[in-house]
Amino acid sequence: MYVVTVTFQIHPEHMEAFLPLMVDNARTSRKVEAGCQLFDVCCDNNEVFLYEIYTDRAAFDDHLQSAHFQRFDAAIQDMVIDKQVRLFDEVIR
């Protein structure tokens with residue numbers, strides 16, 4: 001498994017517009033990407049935290065190239081103050 005975490009800081013005035021775009025991206029990823037095993041969206045005030053699990057790095061790379069992700073990424077550019085991505089290639093259970 002391959003885990004991705006993302007932490008967004010969103011401009012307060014854009015949070016209402018950001019969240020539906022984020023949720024749609026997560027739901028679409030789970031629905032159409034065979035390699036996307038989990039895509040949780042968590043939020044608190046103007047911070048949004050994503051926890052994503054993919055079958056492997058190739059599945060995550062496919063996600064980054066998908067049309068729905070590309071549309072989402074372009075749409076949120078001016079809404080984001082900061083974005084931090086962490087990648088984990090080992091999950092211990």
Side-chain angles (χ1 to χ4, degrees):
M1 290 192 299
Y2 193 77
V3 173
V4 178
T5 66
V6 183
T7 304
F8 290 97
Q9 295 294 326
I10 306 301
H11 289 284
E13 66 272 17
H14 293 298
M15 192 66 166
E16 190 173 322
F18 178 87
L19 278 177
L21 295 171
M22 182 73 263
V23 170
D24 183 60
N25 179 57
R27 287 180 179 158
T28 302
S29 297
R30 287 286 295 127
K31 183 178 180 180
V32 304
E33 296 176 29
C36 182
Q37 303 299 308
L38 180 75
F39 199 131
D40 287 341
V41 178
C42 311
C43 58
D44 183 36
N45 295 317
N46 297 322
E47 182 173 283
V48 177
F49 176 78
L50 309 181
Y51 183 77
E52 308 169 44
I53 299 177
Y54 296 88
T55 53
D56 53 25
R57 175 63 197 233
F60 177 59
D61 290 340
D62 289 345
H63 167 71
L64 295 176
Q65 297 304 315
S66 68
H68 63 272
F69 175 79
Q70 294 292 319
R71 282 190 304 272
F72 164 76
D73 196 46
I76 65 158
Q77 291 303 304
D78 294 335
M79 300 178 186
V80 176
I81 297 169
D82 186 51
K83 176 182 175 182
Q84 297 178 15
V85 179
R86 296 195 61 202
L87 308 173
F88 301 88
D89 60 3
E90 185 174 354
V91 176
I92 301 168
R93 292 185 177 225

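Numbers for residues simply follow the sequence, beginning at 1.
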Considering all heavy atoms, the nearest S29-C36 contact: O-CB, 3.6 Å
Closest non-hydrogen contact found for A59 with E33 is O-OE1, 4.5 Å
Identify each donor-acceptor pair in which a side-chain atom of residues 69-78 lies under 3.5 Å from a protein atom, sequence neighbours left out, and give them as a table.
from : atom 1 : to  : atom 2 : distance (Å)
Q70  : NE2    : L64 : O      : 2.5
D73  : OD1    : Q77 : NE2    : 3.3
Q77  : NE2    : D73 : O      : 2.6

Output a table of donor-acceptor pairs, distance under 3.5 Å, between side-chain atoms of residues 3-22 and any protein atom two or more places apart or on a different chain; print 'none' if there are none.
from : atom 1 : to  : atom 2 : distance (Å)
Q9   : NE2    : E47 : OE1    : 2.6

Enter the distance from [X]:[atom1] to [Y]:[atom2] here, rounded to the nearest 0.5 Å.
X: F49; Y: Q84; atom1: CZ; atom2: CD; value: 11.0 Å
X: M1; Y: D56; atom1: CE; atom2: CG; value: 11.5 Å
X: H68; Y: K31; atom1: NE2; atom2: NZ; value: 11.5 Å

Once you measure the plane-to-plane angle for H63 and Y54, does it fall in the parallel (<30°), tilted (30-60°) or perpendicular (>60°) bin? tilted
In the single-linkage hydrophobic clustering (I, L, V, M, F, W, Y; side-chain heavy atoms under 4.5 Å), do [X] and [Y] co-cluster?
X: V48; Y: I53; value: no
X: L38; Y: V91; value: yes
X: L87; Y: L50; value: yes

Please check if atom CZ in R57 has more than 12 non-hydrogen atoms from other residues, nucleotides or ligands closer than 6.0 Å. yes
Salt bridge (charged side-chain N to carboxylate O under 4.0 Å, His left out) involving D24 - partner list, sequence neighbours excluded: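 Once residues adjacent in sequence are excluded, D24 has no partner under the salt bridge (charged side-chain N to carboxylate O under 4.0 Å, His left out) criterion.
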Is any side-chain heavy atom of F39 closer than 4.5 Å to one of N25?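 N25 reaches F39 side chain to side chain.
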